[in-house]
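Note on naming: letters A, B, ... go to the chains in the order of the sequence lines (proteins, then strands), and numbering restarts at 1 for each one. Values below: all heavy atoms of this structure, side chains included; hydrogens, waters and symmetry mates excluded.
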There are 2 protein chains.
Amino acid sequence: MTTEGSPGQGQGLHTHVLDTLGLAITAGEYLPGSVLRTDEIAERFDASRTVVREVVRVLESMHLVESRRRVGVTVRPTDEWNVYDPRVIRWRLAGTDRPRQLRSLTVLRSAIEPVAAGLAARLATPQQCAELTEAALGMVRTSRGHQLEGYLQHDIAFHRVVLNASGNEMFARLGDVVAEVLTGRTEHAVMFHDPDPAAVTLHVQVAEAVREGDAERAEALTRRIAVGALEELDVLAP
Amino acid sequence: MTTEGSPGQGQGLHTHVLDTLGLAITAGEYLPGSVLRTDEIAERFDASRTVVREVVRVLESMHLVESRRRVGVTVRPTDEWNVYDPRVIRWRLAGTDRPRQLRSLTVLRSAIEPVAAGLAARLATPQQCAELTEAALGMVRTSRGHQLEGYLQHDIAFHRVVLNASGNEMFARLGDVVAEVLTGRTEHAVMFHDPDPAAVTLHVQVAEAVREGDAERAEALTRRIAVGALEELDVLAP
DNA sequence: GATACTTGAATACGTAGTACTTAATGCGCT
DNA sequence: AGCGCATTAAGTACTACGTATTCAAGTATC
């Protein structure tokens with residue numbers, strides 16, 4: 001049996017091969033420097049060379065591999081990967097070094113989100129303010145009685161609105177990353193108990209500060225949320 | 001004449017087509033929603049469908065376009081692009097909305113770098129400390145007498161070391177972005193006069209703080225550098 | 001007349017075969 | 001030993017063909 005068939009089966013051969021290979025590489029199954037030949041891949045997945053070439057080109061565009069003549073497709077060292085590519089992030093979160101990845105993403109959040117909140121306080125539209133308070137109130141409502149799923153949704157919505165309202169496209173594009181991290185925390189999660197009431201309160205206060213246009217307060221409060229997230233991570237994975 | 005031939009000519013047909021098309025899309029030459037057909041592209045570049053398919057797949061992986069059957073390759077709205085992809089960044093910096101891009105990247109820097117400096121103060125190896133002071137001293141040396149090129153190189157080196165020393169891979173990968181922004185500033189640059197002496201001093205002080213392991217001071221000083229960069233941007237492009 | 005079904009065409013998706021180009025390797029000659 | 005040429009493995013590129021999907025228009029039925 002040469003064919004493979006776990007991830008992404010139902011979306012075209014290209015997606016399937018790409019996902020499988022990307023997951024394998026990011027999971028460290030192929031060490032940096034190791035080589036894959038295109039026809040070897042083609043045989044392994046029972047796909048044509050055209051499909052394999054397209055996949056290799058995409059992996060190359062993510063800086064996961066480098067394709068050189070006469071030598072093959074070589075896996076690049078980790079520190080050259082495009083770690084901001086959403087697909088790479090997803091692969092790494094699904095793979096073996098999920099804890100490391102979760103930590104570095106949380107540190108990233110803790111740098112970005114306070115600044116984003118400060119900007120949001122200055123720039124948020126009335127509608128965004130409304131969405132923000134709605135999300136915060138949703139968090140309050142679902143913060144008791146093991147409604148973790150509902151809580152998560154409101155939490156994600158909250159942070160998404162803040163990032164969007166910042167008016168900075170680079171921040172806005174991190175919405176998916178934050179969603180991924182929050183989801184990961186809940187899933188992975190040693191959150192048997194209800195969410196930290198202090199965190200919920202902070203979210204409500206951030207919504208207030210943004211509504212009132214108090215940039216400094218919004219930033220400071222969000223920074224406290226970030227510190228909380230980092231501490232939580234230290235408890236879970238020391 | 002159907003053939004085109006400006007960017008990236010000397011590195012394979014694939015690269016050429018990709019660069020040209022990516023540049024055109026990010027420059028807004030094709031509005032979101034507009035469609036390109038693969039064979040139309042093939043004809044335009046006098047390339048085979050194989051090459052076009054590979055290019056489209058890569059553009060798709062950057063979320064610049066979406067390829068659907070029966071309809072063609074449609075350009076996605078701006079807010080869905082993978083704006084962290086180095087190639088997208090380069091295209092946008094080379095294109096029409098360079099100012100907007102430069103601003104959003106500078107805001108990103110101002111959020112990341114202070115935090116990175118704080119982490120670097122705790123984690124930097126002796127060698128990294130040495131590199132940092134070396135870079136700072138280089139900036140001092142070249143800050144007078146129109147040695148803009150040399151100054152730029154030391155400036156880039158400085159920020160790169162800080163980002164690397166932070167120990168966070170997400171931060172470290174922003175080194176290229178920062179280099180791009182700094183280069184852009186010098187080129188575009190209304191920097192006839194020598195660099196701001198205050199900024200140079202701040203860099204030296206950051207190097208000191210990192211060497212002494214004073215995280216809070218390193219962070220605060222770097223934040224002042226960031227504020228300076230933002231103000232400079234306001235002066236150049238109000 | 002409105003809705004559901006069929007049909008058709010347009011277009012991307014996938015495969016197969018072939019020829020060219022590059023560059024690492026190894027052999028032979030000096 | 002060192003240099004250079006031949007070998008050859010691998011990616012690069014083109015072409016042609018068949019498949020699958022999906023949008024849209026037309027038709028039939030209710």
Whole Å only: how far is the [atom1] atom of [X] from the [atom2] atom of [N]?
X      : N       : atom1 : atom2 : answer
R70(A) : dT7(D)  : CZ    : P     : 14 Å
R57(A) : dG11(D) : CZ    : P     : 11 Å
E66(A) : dA10(D) : CD    : C1'   : 15 Å
L18(A) : dC13(C) : CG    : P     : 14 Å
R53(B) : dA16(D) : CZ    : P     : 16 Å
L13(A) : dA16(C) : CG    : P     : 11 Å
H16(B) : dT12(D) : NE2   : C1'   : 16 Å
D39(A) : dA9(D)  : CG    : P     : 12 Å

Quick one: is [X] getting a side-chain N or O under 4.0 Å of the [N] phosphate, OP1 or OP2?
X      : N       : answer
R69(A) : dT8(D)  : no
R68(A) : dA24(C) : yes
S67(B) : dC13(C) : yes
T38(A) : dG11(D) : yes

Residue pairs fulfilling ring-ring contact (aromatic ring centres under 6.0 Å, His included) with at least one residue in residues 158-187 of chain A, sequence neighbours excluded
F158(A)-H203(A), H159(A)-H203(A)
Using side-chain hydrogen bond (donor to acceptor under 3.5 Å, both in side chains) as the criterion, list what pairs up with E40(B), not counting sequence neighbours.
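Here the qualifying residues are R37(B).
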Regarding R37(A), tell me which of base, sugar-phosphate or nothing describes its non-hydrogen contacts under 4.0 Å with the strands shown.
sugar-phosphate
If you compare all heavy atoms of R87(B) against all heavy atoms of S61(A), which two are closest, and at what distance to 0.1 Å?
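Shortest heavy-atom contact: NH2-CA, 3.3 Å.
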Atom CG of D155(A) and atom CG of L182(A): how far apart are they, to the nearest 0.5 Å?
5.0 Å
Give, for atom CG of D176(A) and atom CD1 of I89(A), the distance between the pair rounded to the nearest 0.5 Å.
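D176(A) atom CG to I89(A) atom CD1 measures 9.0 Å (nearest 0.5 Å).
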Could E60(A) and R57(A) be called an ion pair, given the rule that one side-chain N must be under 4.0 Å from one carboxylate O?
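Yes, charged N to carboxylate O under 4.0 Å.
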If the threshold is 4.0 Å, N to carboxylate O, is there a salt bridge linking E169(A) and R100(B)?
yes
By nearest atom, which of the nucleotides dG14(C), dT21(D), dT15(D) is closest to the V51(A) side chain?
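Selected nucleotide (nearest to the side chain): dG14(C).
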Would you mind telling me which of dA24(C), dA13(D), dT15(C) lies closest to the side-chain atoms of S48(A)?
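That would be dT15(C).
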Comparing R49(A) with H14(A), nearest DNA chain C nucleotide closer to 5' gives the residue H14(A)
Axial bend angle, the helix from dG1(C)-dC30(D) to dT30(C)-dA1(D): five-pair end segments, nearest 10°
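For the helix from dG1(C)-dC30(D) to dT30(C)-dA1(D), the axes at opposite ends meet at about 10°.
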